[in-house]
Every structure is written in structure tokens, then in C-alpha cells.
S.K.: 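This is the structure I have questions about; it appears just below.
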There are 2 protein chains.
Amino acid sequence: MTQSEENYLKAVYHLEGSQMGKVNTNAIADYMRTKPSSVTDMVKKLSEKGLLNYKRYQGVSLTVPGTKKALSVIRKHRLWETFLVEKLDFSWDEVHEVAEQLEHIESEKLIDQLDSFLGFPKADPHGDPIPDKNGELEEQHTRLLSLLPVNSSSICVGVRDTSVSFLNYLDKNKIALGDQIQVLEKEAFDDSVHIQIGERKLHLSNRIASNLFMK
Amino acid sequence: MTQSEENYLKAVYHLEGSQMGKVNTNAIADYMRTKPSSVTDMVKKLSEKGLLNYKRYQGVSLTVPGTKKALSVIRKHRLWETFLVEKLDFSWDEVHEVAEQLEHIESEKLIDQLDSFLGFPKADPHGDPIPDKNGELEEQHTRLLSLLPVNSSSICVGVRDTSVSFLNYLDKNKIALGDQIQVLEKEAFDDSVHIQIGERKLHLSNRIASNLFMK
DNA sequence: TTCAATATTTAGACAAAACTAAAAATATGT
DNA sequence: ACATATTTTTAGTTTTGTCTAAATATTGAA
Ligand SMILES: [Mn+2]
Ligand SMILES: [Mn+2]
Ligand SMILES: [Mn+2]
Ligand SMILES: [Mn+2]
């Protein structure tokens, strides 16, 4: 299994989760910043290996072995991100690029020992769930901050957008995972929300509020 | 810089250290388990990039930038080996293969933070010196156990042969880095040596004794 | 010194993963 | 329904790193 093949499986996994039904060629090409013709080539190869279901012009879906492989790569990615933040003092906006490389290291012992060394974490620095050794994901019962009613209070457990600019915005405004957030008021005009974290009151745009997972 | 290019530079570095003068094509091919024709191709490319000195049929040597790059890969290899043993409970015969992969991860911050996390170790699990951030290697003033005089006592600080079978042999006989070893007697016939570690007396063949670095 | 053995390079091929440009299939709007 | 727009695939090329087989250079022994 090459790094490129692993990256394609991961892409299909993420796209399956954010769409309904089959994943199409152009969507994969966009996601991977490559060309549709390259996607077709790779999709054929992965289909021959039994990792993708593929019929010409009909889009693709992961097979059971394909899903398993994708989850194993995601497990590695998220464990490495956790390692970088917890042990090597990286900030949450610096880890993704390095984890994109580390996720392809082949050694079952390495990743299981790393998991143990980190204390079997359930989520990565962005709040995304970490699959266990068997590929099992813990169900996340979360709701977006933008959808919570006025006066509700809940804990921020994840970010939907993991871009550096969004993470920097949160850092600048001292919003972090684990923070208890109370919804004070919602503006009907622009769907922005007034919130309180500890003693601090903040006014968040809908764009921000709809990228924070709460529990 | 591709992984393959890095591996060639590392190979030339190691061969320069174990030979005198220019490194020849066949030696590189043997060391890398590849074919001489492949070596010629790569050596041309690295020479065009200014990393190797190369004239047809005359062998190669590392340039200053080539040496610097080789040392940076070796630094990563040895720091990762140390991490695996110190933090993830790998044994010293399991780390090399994984480190061969990890040494190619590109992130200066990653490796410098790892160095710091490990407490700036001076040597890897096999006793090989770890270059610092600037590529400086600490001079090793060691001698082989097989060359020490009778009655001398010194500390085992490294292994010359790092093969799994040799490392297993040492584990089985409870010989480890840091052990104080006294030479009791040398057999003139086969150059084997009788030694003492703590209360234990052992009889080592010349083959074994000439693969242990002492200080 | 000469020629055979050895070492090295060249020539040509291949596989992987990407690309461009063109062809083919599918979807859509009137 | 049918023409047009969009999506997807195919055909052919490129780059990287490998290989085999053949050619060429160097070495060294008689
Ligand atoms: Mn990530
Ligand atoms: Mn993440
Ligand atoms: Mn090693
Ligand atoms: Mn080592």
C-alpha cells in the first residue's frame, strides 16, 4: 500500500462522511488538489485491489477492507497529532502537516505503543475521535454552537473547520476545547451569538459559531 | 530531496567512514542492495545538485552540503531510535527498521522538539553518537574489547555490528551498554577473551569481542 | 606490455503517479 | 426531445527510480 493509495482512501472516507451516496471523481480531485484523470487512474487500481466499489461514471464507495484501511490511517494521523501537542509542545494549528507525513509510517507496534504512551486518548487536539486498534470510533453526540438555544450552557469539544486561520482566531480569542460556554443571546438578523466563557463575554459571528462542536 | 536521495547520501557517508578514499559504485550498490547502474544514475543526479563529487569511473565523495545533509538524516535516525527505546519500550534490535522510515519525515521543529523531549541524548541505543542541530558529532575515544590488555577494566559503550542476531546474542548473555567489563584472560590460540561482568564470568569469541566498543 | 577480468557506464525498458488534451458518457434546461 | 453543459474516461506524455543487457573503461597478472 503506497502513501498515495492511503491518501485516496482517506479522501473517500472523509467525503463519504460529508455527503450522501457515492463519491464522485471531481469531488475527490478537488479534495486532493489533483486532476480528475489522475483520480480515475487511482480509483481503478484501488477497485482492482478490492478497496473501492467502482463502476465507470457511477462514482465510488469504500468496501469493508477499504474502510478498515482508511480508519487505520486516520487513527495514525490523530494519534500523531496528539503526540505532537501533548509531548512536543506543538500548537493545534501546526500539527496537521507533520501528521500527514507520519500517518504513513508502517509499524503496528509503533502505533499501538504510541497509543499506550499517550494513555489511549479518545480524541485528537481538534476534538476528532481516534479509532481504536480495531477501527472502532466512539459516537460523538455533539451539536453546533450556532444551533444551541439561548441560556443553554455546554462544553466545547471540537472544531469543524481545522484550518490554520480558524484555529488562530480561536487562540486569539482564548476559546479552547474544554471551555464551558453559555449562550447569552442570539441576533436574528445575522445569526450571530453572544456568549460567555467564565467571566468573559464575546460576540461570535454565525460563521464562527457554526464551526464549534458542543456537548 | 527525496527519500531515495537521502538514502544514497547516508550510504556514501557510512562507506566513507569505513574505507579510505573515494567510494566506488559497486560498494554503494552492495550497501544499498541495488544495481550498479542504478547507482550511476543517482550519483549523477546528486552530483548535479552539488551534493557529491563525481567524475566518471573515479568513485564519489560527499561535498560539504552533502555531508551536512547526510548528518541531518543520521541525526533523525538516531533520535528516533532513542525515542523508540526510551519512550515506547522497543528493544534495541527492533528500532532500526522503523527509524529507516521515520528519518525521512520533514520538519525541523519536529526533530528539535524530539531532541529536547529526550533530553538531548549524546548516543543512540547502539552507542552511536547523535549529531547535534548543527551536525556536530562528539568524538568517540573507544577501543574494541578484543584489543584491550588483560586485567584492564572498562565500560561497554557501543556495538560495531548492529544486526538483530548480534544484538540478540548480547541480550541472551546479559551484556548491555553501560556494563563494566574486566578482561581476565586472553586465549592466544583463537583470540577469545575471558571476561567478568559484576559477579559473572563469560568466555567470548574474538568475533564477539571485536564488535564491542569500550571506554 | 598486453590482454583478460573486473568495474562502471550507457541504452533501452518498465512501473507508479502525476499531467494535458481530446473523446465519450451523463445530466440538464427549454 | 434534443442540444448543450458538465462530468468522467481515455490516450498519450512526463518524472522518478529501478532494472537488464550491452558497451566501455580501468586494473592487474602473466
Ligand atoms: Mn489533521
Ligand atoms: Mn485533527
Ligand atoms: Mn539504525
Ligand atoms: Mn543505531
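Just so it is clear: chains get the letters A, B, ... in the order the sequence lines come, proteins before strands, and each one is counted from 1. Owing to the predicted nature of the structure, the values given are computational and were not obtained by experimental measurement.
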S.K.: With a 4.5 Å heavy-atom cut-off, do B/Leu167 and B/His126 have their side chains touching?
M.R.: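 Heavy-atom side-chain distance check passes, below 4.5 Å.
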S.K.: Report which part of the nucleic acid B/Thr40 touches: base, sugar-phosphate, or nothing (heavy-atom distance under 4.0 Å, all strands).
M.R.: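 Base contact - B/Thr40 has a heavy atom under 4.0 Å of at least one base atom.
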S.K.: Could you give the CG-to-C1' distance, from A/Asn26 to D/dT9, as a whole number of Å?
M.R.: 11 Å
S.K.: State yes or no: are the ring centers of B/Tyr31 and B/Tyr8 separated by less than 6.0 Å?
M.R.: no
S.K.: Looking for any heavy atom pair under 4.0 Å, which part of the strands does B/Ser38 touch: base, sugar-phosphate only, or nothing?
M.R.: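 B/Ser38: base contact, heavy atoms under 4.0 Å.
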S.K.: Using a 4.0 Å heavy-atom cut-off, does B/Thr25 contact any base of the nucleic acid, only the sugar-phosphate backbone, or nothing at all?
M.R.: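 Since only primed, P, OP1 and OP2 atoms lie under 4.0 Å of B/Thr25, the category is sugar-phosphate.
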S.K.: Tell me the interatomic distance from B/Tyr54, atom OH, to D/dA25, atom C1', rounded to whole angstroms.
M.R.: 11 Å
S.K.: Looking at every strand, decide which applies to A/Asp41 at a 4.0 Å heavy-atom threshold: base, sugar-phosphate, or nothing.
M.R.: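 Counting heavy atoms under 4.0 Å across all strands, the contact made by A/Asp41 includes a base.
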S.K.: Does the gap between the ring centers of A/His77 and A/His96 come in under 6.0 Å?
M.R.: yes
S.K.: Ion pair present between A/Lys133 and A/Glu108, side-chain N to carboxylate O less than 4.0 angstrom?
M.R.: yes
S.K.: Can we say B/Lys10 and B/Glu5 salt-bridge, meaning some charged N sits less than 4.0 Å from an Asp/Glu carboxylate O?
M.R.: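 B/Glu5 and B/Lys10: not salt-bridged.
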S.K.: Can you check the A/Ile28 CD1 to C/dA18 P distance for me, whole Å?
M.R.: 13 Å
S.K.: I'd like to know if B/Arg75 pairs up with B/Glu103 as an ion pair, taking the criterion as any Lys NZ or Arg NE/NH1/NH2 lying under 4.0 Å from an Asp or Glu carboxylate oxygen.
M.R.: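 No, no charged N to carboxylate O under 4.0 Å.
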S.K.: Detail all sub-3.5 Å separations between protein N/O atoms and N/O atoms belonging to nucleotides 22-26 of chain C.
M.R.:
{"residue": "C/dA25", "atom": "O4'", "partner": "A/Tyr57", "partner atom": "OH", "Å": "3.2"}

